[in-house]
Amino acid sequence: MPRWASRIVLTVEDLRIESLQSMNKNDAISEGYASGLRFWESPIDQYRKHWDAIRGTEGERWVDNPAVVVLSFSRCVDASSPPVCRTAP
């Protein structure tokens, strides 16, 4: 997509490979699983259930602890060239 047609521009700041189960509570919250929505479950438990519902094949399940790609990025304020970026929340 041409930059002028995009509403936001992201810059990848970090890329690493980790095991799935190495995620912590803050990682699960960053993925959108906040405590309080289902107060009886931790954000990690919510993420685990959703992960298994989507990826139920052997080798991809939570219990299999597959390697995952973790991306950190910055959101750019505008789509100018070069874009002005700030760290994403």
Side-chain angles (χ1 to χ4, degrees):
M1 172 186 302
R3 184 167 281 170
W4 62 265
S6 64
R7 296 191 322 199
I8 64 170
V9 176
L10 302 176
T11 301
V12 176
E13 298 290 333
D14 185 38
L15 182 141
R16 63 187 184 279
I17 298 175
E18 294 181 354
S19 62
L20 177 62
Q21 293 178 14
S22 69
M23 80 179 319
N24 59 37
K25 181 180 176 181
N26 290 334
D27 294 334
I29 290 171
S30 294
E31 291 289 333
Y33 297 89
S35 52
L37 297 175
R38 302 179 86 178
F39 62 89
W40 61 91
E41 290 181 329
S42 73
I44 293 177
D45 288 337
Q46 293 175 49
Y47 186 85
R48 178 186 52 81
K49 286 182 179 180
H50 191 225
W51 180 273
D52 282 343
I54 295 171
R55 297 166 186 86
T57 58
E58 189 173 340
E60 295 181 342
R61 300 170 300 189
W62 181 269
V63 295
D64 300 325
N65 200 19
V68 294
V69 176
V70 180
L71 296 171
S72 299
F73 59 90
S74 296
R75 180 177 174 188
C76 298
V77 176
D78 59 43
S80 62
S81 187
V84 179
C85 298
R86 62 177 172 78
T87 304

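Computed from a predicted model, the values in this text were never measured in an experiment.
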Do you reckon Val12 sits in the same ILVMFWY cluster as Val69, going by side-chain contacts under 4.5 Å, direct or chained?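 Yes, same cluster.
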
Out of curiosity, does Tyr33 fall in the hydrophobic cluster containing Ile29 (side-chain heavy atoms, cut-off under 4.5 Å, transitive links)?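 No, because Ile29 and Tyr33 fall into different hydrophobic clusters, even though each may have its own neighbours under 4.5 Å.
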
With sequence neighbours excluded, what pairs up with Ile54 under the side-chain contact (heavy atoms from CB on, under 4.5 Å) test?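 In terms of side-chain contact (heavy atoms from CB on, under 4.5 Å), with neighbours along the sequence ignored, Ile54 is linked to His50.
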
Side-chain donor/acceptor of [X] to backbone N/O of [Y], under 3.5 Å:
| X | Y | result |
| --- | --- | --- |
| Asp64 | Glu58 | no |
| Trp51 | Gln46 | no |
| Asn24 | Asn26 | yes |
| Ser42 | Asp45 | yes |

Distance only, no hydrogens: is a donor on one side chain within 3.5 Å (strictly under) of an acceptor on the other, for Ser72 and Glu13?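 There is no such pair between these side chains.
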
When rounded to the nearest 0.5 angstrom, what distance separates [atom1] in [X] from [atom2] in [Y]?
| X | Y | atom1 | atom2 | answer |
| --- | --- | --- | --- | --- |
| Glu60 | Asp52 | CD | CG | 10.5 Å |
| Ser22 | Ile17 | OG | CD1 | 12.0 Å |
| Tyr47 | Asp27 | OH | CG | 9.0 Å |

Measure across Ala34 and Pro43 and return the closest heavy-atom pair with its distance rounded to 0.1 Å.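 Looks like C-CG, 4.2 Å.
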
For Trp62 and Gln21, which heavy atoms make the closest approach, and how far apart are they?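 Taking every non-hydrogen atom into account, O-NE2, 2.6 Å.
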
Measuring only between side-chain heavy atoms, which start at C-beta, is Glu41 closer than 4.5 Å to Lys49?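 Yes - at least one pair of side-chain heavy atoms lies under 4.5 Å apart.
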
